[in-house]
Amino acid sequence: MGIRIDAAKRIDVPSQVARALVGLPDVRDPSRLPTASRELLHRTAEAGGVLVVPSLPAGLEPLIGRGVVYARKVDKSIELVLPIAFLVQLKSWESEDPRSLRALLAQSSFETMNAVAAHYLGRPATPPIALSLEHAWEMLSNPEYLAEEVGRLAPVERRLLEAIEAVGGEVETQELLDLEREPMRLRSATGVTASRRGAGFALERRGFLIPIHPNRHVIPTEVVAIVGAERRLLREKRREQIRSFVIAEDHAPRRARFATDPAHLALGLAFAIREPGSDVRPGVGTPRSLLVRLGQRFGRDQETIGLIAALSRAIGLWEAPAASPATPPGSLQVHELTQLLFATWRRGGAWDEARPEREVLRAASDSRDASPISALREMVLDALHDLGEGRWVPWEALESYLAADERIAGAERLVKRWAERSNVEATAPLEITRRIALETLPALGILDLGGVDEESSGVALRLTPRGRALLAGMAPTIDVSGSKFIDTQALRIGPTAKVAAVLGLAPFAELGRVNEELDLVLSPPSLAKALSVGFDSDGVRARIEAIAPLPETLSRILVQASVVIGKASFTGASGFLWIEDPEIRELLRTRRPAAEMFIDPSPPGGLLIEAGVDLERLIRRCRALGVEVEAEVGAVRAARLTPAGGTETPHRTSSTSSMRRTRTPPPRAR
């Protein structure tokens with residue numbers, strides 16, 4: 001990598017190399033990396049910096065070559081390690097919570113990073129700051145240590161943290177100074193600036209309150225979960241009356257629309273996007289025309305298609321590396337996609353119900369400021385967990401339950417300020433929660449909807465068994481039966497099939513039914529088409545049998561395609577010399593110096609010319625044996641020279657681009 005080592009420095013060689021590596025721009029700007037490498041980098045970061053894979057994945061070589069990711073053998077698997085110094089520099093991506101501790105720390109200023117690093121090091125931090133942050137991240141990424149650190153806060157700092165969490169977890173600098181009762185006001189070009197002392201700065205250097213340019217201060221999601229735990233317990237008493245109303249009566253609707261597993265639709269979209277004419281540019285929203293076409297094809301509304309498409313892109317399901325079984329999502333089983341899609345939506349980086357255009361990639365890259373949608377999502381999920389344990393809940397009761405939440409006022413304030421910054425129209429928090437409950441969660445398979453034919457006031461909601469498991473942080477119960485052919489051509493994908501194995505059928509399988517189940521059609525014409533474009537029959541068989549045993553009909557087709565009816569051998573040649581006379585053929589094949597220029601044996605009708613033989617040289621050698629060679633465009637012919645009356649027939653030589661004719665004069669008579 002061209003890193004220069006200075007033997008005069010007091011630090012060792014690994015330290016000098018590390019200092020050079022953390023200054024490389026590839027981690028701070030992952031768009032410089034290949035797509036496969038960028039997706040692998042994000043998956044490794046989502047795993048906390050350590051990702052265990054069964055084999056070396058695609059895109060790993062550029063990362064290893066740049067010194068970004070390191071691989072080591074662990075039993076029968078391979079452990080990919082992303083050093084902390086790179087982890088804390090990565091920009092936030094679509095499938096990450098933009099208010100997580102890592103994302104906020106990565107976008108914070110040098111002063112904030114320096115203060116956090118110095119606090120956990122116990123001494124002044126030295127550049128490069130990414131290396132100094134390693135010890136701090138080891139502490140902050142440990143949930144037990146984080147809870148203990150919050151518990152050891154001074155009363156003034158704890159009260160300030162709770163006050164900020166009560167109003168949505170985000171305040172402006174003026175509000176922060178008012179809450180901590182700081183009389184001193186320092187003003188700069190961007191407005192009021194917080195002083196480098198007091199309770200606010202004490203929380204900042206611990207990483208519990210991160211300032212964001214120009215004048216906002218945000219509590220990370222991990223800290224909010226600890227600080228708000230006691231507040232969530234107190235909400236139980238205030239909501240008991242609404243809960244009693246829900247439990248006392250039966251609110252079951254006359255009609256209902258039951259939610260389906262979103263993993264099947266996500267795989268169907270991944271199949272469809274691999275067809276010609278469905279190209280999607282990275283970093284840009286999915287074309288609306290494509291969403292309309294996919295909605296018509298799968299029989300779903302555009303919002304549902306847009307949601308699953310955005311989440312699928314965020315987890316890398318639309319990228320080529322998804323067909324590799326080495327890394328997620330290709331290494332996952334189909335049923336694990338359900339939990340991954342829900343977790344990606346819950347983190348809030350790809351889909352935002354507070355925006356007029358829900359898909360975040362539709363906004364310009366410089367205006368993708370995160371809205372306070374995470375707080376509203378948690379409010380809805382908490383309410384459903386409280387009210388909807390296996391029973392139908394009227395939307396009116398759920399809406400009243402949400403309106404009684406003390407966090408709704410703080411969320412409304414944050415939504416208004418976010419809308420002003422993003423230059424969009426502010427939406428009421430209760431309207432956003434309605435979108436979450438009646439549009440997003442049914443599409444994710446969390447909620448069943450009842451009374452959908454009436455107006456919204458008559459709608460009832462019910463948590464599905466899948467939804468109850470996901471809200472509890474557990475994997476949903478699945479049918480362990482594997483994939484199977486339900487007839488001679490339709491393959492029904494089971495929940496235990498590998499995602500990479502399913503996507504591996506995309507070049508020669510067709511989409512069938514995509515609803516409660518995912519069916520793929522493997523017809524004889526599609527297999528014949530795959531074989532005609534170069535797929536090996538054994539390779540096609542291996543891809544299909546990786547999911548389910550082949551039926552007799554398809555097996556017979558592949559057997560017939562792989563039958564060897566003969567063998568052929570390849571020999572390189574530079575041309576073919578047409579010779580009609582067998583005697584001339586035998587003459588050139590056996591007599592020197594021409595014999596070494598031909599391939600033996602050659603097919604009937606002529607002689608194959610050895611590779612690399614010059615045409616002019618061939619003509620001269622044959623002429624020496626009395627054979628004339630005519631070279632025209634696309635043909636080389638030979639004929640016997642027959643002396644008559646002391647004269648010779650015209651001797652013609654030419655290259656492949658022109659013809660040159662020469663005549664030999666008759667000898668003089670003596």
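Quick note: numbers below take in every heavy atom, side chains included, and nothing from hydrogens, waters or symmetry partners.
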- Task: Evaluate whether atom NZ of K73 has more than 12 neighbouring non-hydrogen atoms of other residues, nucleotides or ligands under 6.0 angstrom away.
- Result: yes
- Query: Are any non-hydrogen side-chain atoms of V53 and S331 less than 4.5 angstrom apart?
  - Reply: no
- Task: For side chain to side chain contact (heavy atoms under 4.5 Å, CB included), just list the numbers for H264 and L267, CA-CA rounded to whole Å, side-chain angles, deciding distance to a tenth of an Å, and then say yes or no.
- Result: CA-CA 5 Å; H264 300 144; L267 271 180; 5.8 Å; no
- Task: Calculate, to the nearest 0.5 Å, the distance between atoms CG and CD belonging to L317 and E39 respectively.
- Result: 10.5 Å
- Query: Is R102 reaching over with its side chain to a backbone N or O of L90, donor-acceptor style, under 3.5 angstrom?
  - Reply: yes
- Query: Can you tell if the side chain of L520 reaches within under 4.5 Å of the side chain of I493, non-hydrogen atoms only?
  - Reply: yes
- Note on the structure: Shortest non-hydrogen pair, F271 vs A506, comes out as CE2-CA, 3.4 Å
- Please test S526 against V521 for side chain to side chain contact (heavy atoms under 4.5 Å, CB included), starting from the C-alpha separation and ending with a verdict. CA-CA 9 Å; S526 64; V521 179; over 6 Å; no
- Message: Strictly below 4.0 Å, N to O, side chains only: are K498 and E336 in salt-bridge contact?
- Response: no
- Test salt bridge (Lys or Arg N to Asp or Glu O under 4.0 Å) applied to E275 and R297, step by step: CA-CA 13 Å; E275 298 175 353; R297 180 173 181 177; 2.9 Å; yes
- Message: Run W351 and E359 through side chain to side chain contact (heavy atoms under 4.5 Å, CB included) and show every step you take.
- Response: CA-CA 5 Å; W351 190 260; E359 186 181 359; 4.1 Å; yes
- Taking the side chain as every heavy atom from C-beta outward, state whether L24 and M1 have any pair of such atoms under 4.5 Å apart. yes
- Note on the structure: Of all heavy-atom pairs linking P329 and V499, the shortest is O-CB, 3.3 Å
- Is it true that R513 and E516 have a side-chain N and a carboxylate O under 4.0 angstrom from each other? yes
- Message: Does S77 form a side-chain hydrogen bond (donor to acceptor under 3.5 Å, both in side chains) with D75? I'd like the steps, not just the answer.
- Response: CA-CA 6 Å; S77 303; D75 296 331; over 6 Å; no
- Message: With a 4.5 Å cut-off on side-chain heavy atoms, are V627 and I579 touching?
- Response: no
- Message: Tell me whether S483 contacts the main-chain N or O of G494 through its side chain, where contact means a donor paired with an acceptor under 3.5 Å.
- Response: yes
- Rounded to the nearest 0.5 Å, the CZ atom of R621 sits from the CD1 atom of I619 at a distance of 13.0 Å
- Message: Looking at R300, is its backbone amide N or carbonyl O close enough to the side chain of T304 to form a donor-acceptor pair, meaning the two atoms are under 3.5 Å apart?
- Response: no
- Donor-acceptor pair, side chain of S555 and main chain of P551, under 3.5 angstrom: no
- Nearest 0.5 Å please: distance from the CZ atom of R347 over to the CD atom of E94. 11.5 Å
- Task: Quick one: do V81 and V69 satisfy side chain to side chain contact (heavy atoms under 4.5 Å, CB included)? Show the steps, please.
- Result: CA-CA 6 Å; V81 181; V69 172; over 6 Å; no
- Message: When you measure from the side chain of E319 to the backbone of A36, do you find a donor-acceptor pair of N or O atoms at a distance under 3.5 Å?
- Response: no
- Task: Determine whether more than 12 heavy atoms belonging to other residues, nucleotides or ligands lie under 6.0 Å from atom CZ of R591.
- Result: no
- Item | Gap separating the CG atom of D538 from the CD atom of E545, nearest 0.5 angstrom | 10.0 Å
- Item | Gap separating the CD1 atom of I273 from the CG atom of L294, nearest 0.5 angstrom | 6.0 Å
- Query: Do L87 and T44 have side-chain heavy atoms sitting under 4.5 Å apart?
  - Reply: no
- Can you see which heavy atom on L554 is nearest to which on L522, and at what distance? CD2-O, 3.3 Å
- Could you tell me whether the side chain of R362 and the main chain of R358 form a donor-acceptor pair under 3.5 Å? no
- Message: Using modelled atom types and a 3.5 Å cut-off, is there a donor and acceptor pairing between side-chain atoms of R43 and backbone atoms of L51?
- Response: no
- Query: Do L63 and Y70 come close enough that some side-chain heavy atom pair is under 4.5 Å?
  - Reply: no
- Message: Can you tell me how far apart OG1 (T344) and CG (L311) are? Round to the nearest 0.5 Å.
- Response: 6.5 Å
- Task: Over all heavy atoms of both residues, which pair between L444 and F342 is shortest? Give the atoms and the distance, please.
- Result: CD1-CD1, 4.4 Å
- Within the distance-only criterion (no hydrogens, no angle test), does the side chain of R492 pair as donor or acceptor with the backbone N or O of L518 below 3.5 angstrom? no
- Task: Taking all non-hydrogen atoms of both residues into account, name the closest pair between G612 and S574 and its distance.
- Result: N-CB, 4.0 Å
- Non-hydrogen side-chain atoms of F298 and L265 separated by less than 4.5 Å: yes
- Item | More than 12 heavy atoms from other groups under 6.0 Å of CG on D479 | yes
- Message: Go through it in stages, so that I can follow the logic: the residues are R313 and T286, the test is side-chain hydrogen bond (donor to acceptor under 3.5 Å, both in side chains), and I'd like the CA-CA distance, side-chain angles, deciding distance and then a yes or no.
- Response: CA-CA 9 Å; R313 292 184 63 182; T286 310; 3.2 Å; yes
- Query: Taking atom CD of E79 as the centre, does the number of heavy atoms from other residues, nucleotides or ligands within less than 6.0 Å exceed 12?
  - Reply: yes
- So, the side chain of T590 versus the backbone of E586: is there a donor-acceptor pair under 3.5 Å, distance only? yes
- With a 4.5 Å limit on heavy-atom distance, are the side chains of F86 and L21 in contact? yes
- Query: Counting N and O atoms only, with roles assigned by atom type, does the side chain of Q16 sit under 3.5 Å from a partner on the main chain of D6, one being a donor and the other an acceptor?
  - Reply: yes
- Message: Restricting to non-hydrogen atoms, name the atom on A85 and the atom on V88 that form the minimum distance, rounded to 0.1 Å.
- Response: O-CG2, 3.6 Å
With a 3.5 Å cut-off and sequence neighbours excluded, list the donor-acceptor pairs that the side chains of residues 603-610 form with protein atoms.
none

- Item | Salt-bridge contact R288-E357 (side-chain N to carboxylate O under 4.0 Å) | yes
